[in-house]
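Heads up, the thing below is written out as structure tokens.
All chains are named by letter (A, B, ...) in the order of the sequence lines, taking the proteins before the strands, and each is independently numbered beginning at 1. Please read these numbers as outputs of a predicted model, since none were measured by experiment.
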Amino acid sequence: MKTAKFIVVLAGLATVHLSYADGDASEGKALYRNYCTQCHGVTGDGKGVNIPDMAVLPRDHTDTSEMSARTDAELTKAIKHGGKAVNKSVLMPAWEGNLNDQQVANLVAYLRELCCNK
Amino acid sequence: MKFRFILSIALYLCGVSVQTFGADALAWTAATCGGCHALQDPLYDQKPVDERANRKAPPLFYAGNKFRRDWLVSWLQKPDRIRPAGYFPPAHVVSGPDGDIVDETSLQQHPDFTQQEAVRAADYLMSLTPYTARLDEIEYAPGSISWKMGNLNFGKFRGCDACHRDAPDFGGVSGPELYTAWDRLQPKFIFSFISNPAAWDAHTLMPHVELNPAVVKKLADYLKVNGEDEE
């Protein structure tokens, strides 16, 4: 019985705590193209096609120092719950309803590659 | 004759009434629109998300639940672009010195229809109504809202203008323009799509955000007021 409970807890932890290390950056790249480039830009520099009328510019994902200051948990929260959830702009929408946890982890893995594997 | 018979059987099996539309009209619409638009449910939810990048144009298999017929007839004769960056923006956007820009040369122009063709296509498209029950469940009575409050809500509070234009010269370009939405779309579709875009398209690029019905009504009413204001 104890073993079964332990396995259930472990499974729960594995599900809840997906980090970028669990993500597939190449899958994340495809998702980034679909959902993020419109604002964050095709190169991830924050200069997407939507920005001319924006009051707040999107994050530059190629900025190594800025991105290094963000934890995986912060990035995950911003993607899932939107900019407002991390005290940033409402222009960044919440994607929790469109993307599952694995897809969000894939995106975070790609962000790490974009910002810091140069 | 044999072709018509086979086509009639095929269309009947797809739930389309051949009595309402002659086989010629159906074959014409399928040949004219079906090359780019999905006229039958492609079951997006059973495909990987990558499929979104391969679509040429919006699915039309629920066109009768989405569009207003009069708008369809009119637009098909003068098909001005609704999505400034195309149906799949990443395929039409390139990096420029001051930021990304739309590569206009990559965008396809929708063909112009004659009045007769537009009526024929609209009649057929309006018969495609697989989600009538979903819309019947919507309780939305279009109302009024102060344009200023609606505009603030649309832009500053909800951030919809990041992707959508609510005026010809303001807003994002990756989503469809919304200053024409009220003319174009059925009110209950607008309400339903804002409430749950993923129910209409599993791989929609519109964020599916949990909004209570009062918030959705404010947004839908703004599209009404704003659309009427644009006329």
Any chance you could measure B/Arg52, atom CZ, to A/Arg33, atom CZ, to the nearest 0.5 Å? 11.0 Å
Would you mind checking which part of B/Val209 comes under 4.5 Å of any heavy atom in chain A, side chain (CB onward), backbone (N, CA, C, O), both or neither? side chain
Checked A/Gly41, A/Ala55, A/Gly83 vs chain B; the most non-hydrogen pairs under 4.5 Å come from A/Gly41
The single option from A/Leu91, A/Asn50, A/Asp53 passing side chain to side chain contact (heavy atoms under 4.5 Å, CB included) against B/Asp161: A/Leu91
Toward chain A, the part of B/Arg165 with a non-hydrogen atom under 4.5 Å: side chain
Does atom CD (A/Glu74) have a neighbourhood of more than 12 heavy atoms from anything else shown, all under 6.0 Å? yes
Please classify the contact between B/Phe157 and chain A as side chain, backbone, both or neither, with a heavy-atom cut-off of under 4.5 Å. backbone
Least distance between heavy atoms, A/Thr37 atom then B/Asp100 atom: O-OD2, 4.1 Å
Max heavy-atom pairs within cutoff under 4.5 Å with chain A, candidates B/Ser174, B/Gly99, B/Gly159, B/Ala202, goes to B/Ser174
Of all heavy-atom pairs between B/Pro207 and A/Ala94, which one has the smallest distance, and what is that distance? CB-O, 3.8 Å
So, the part of B/Leu205 with a heavy atom under 4.5 Å from chain A: the answer is both
What residue, out of A/Asp45, A/Leu31, A/Ile51, A/Asn34, has the most heavy-atom pairs lying under 4.5 Å from chain B? A/Asn34
Quick check against the 3.5 Å criterion: does B/Asp50 have a side-chain atom that pairs as donor or acceptor with the backbone of A/Ala30? no
B/Lys224 NZ: over 12 foreign heavy atoms closer than 6.0 Å: yes
Residue, of B/Gly172, B/Gly171, B/Ala162, that accumulates the most heavy atom pairs under 4.5 Å with chain A: B/Ala162
Short question: side chain of A/Asn98, backbone of B/Met206 - any donor-acceptor pair under 3.5 Å? yes
Within 6.0 Å of CG in A/Asn100, more than 12 heavy atoms from elsewhere: yes
Do you know the tightest heavy-atom contact between B/Gly155 and A/Val90? O-CG2, 4.5 Å
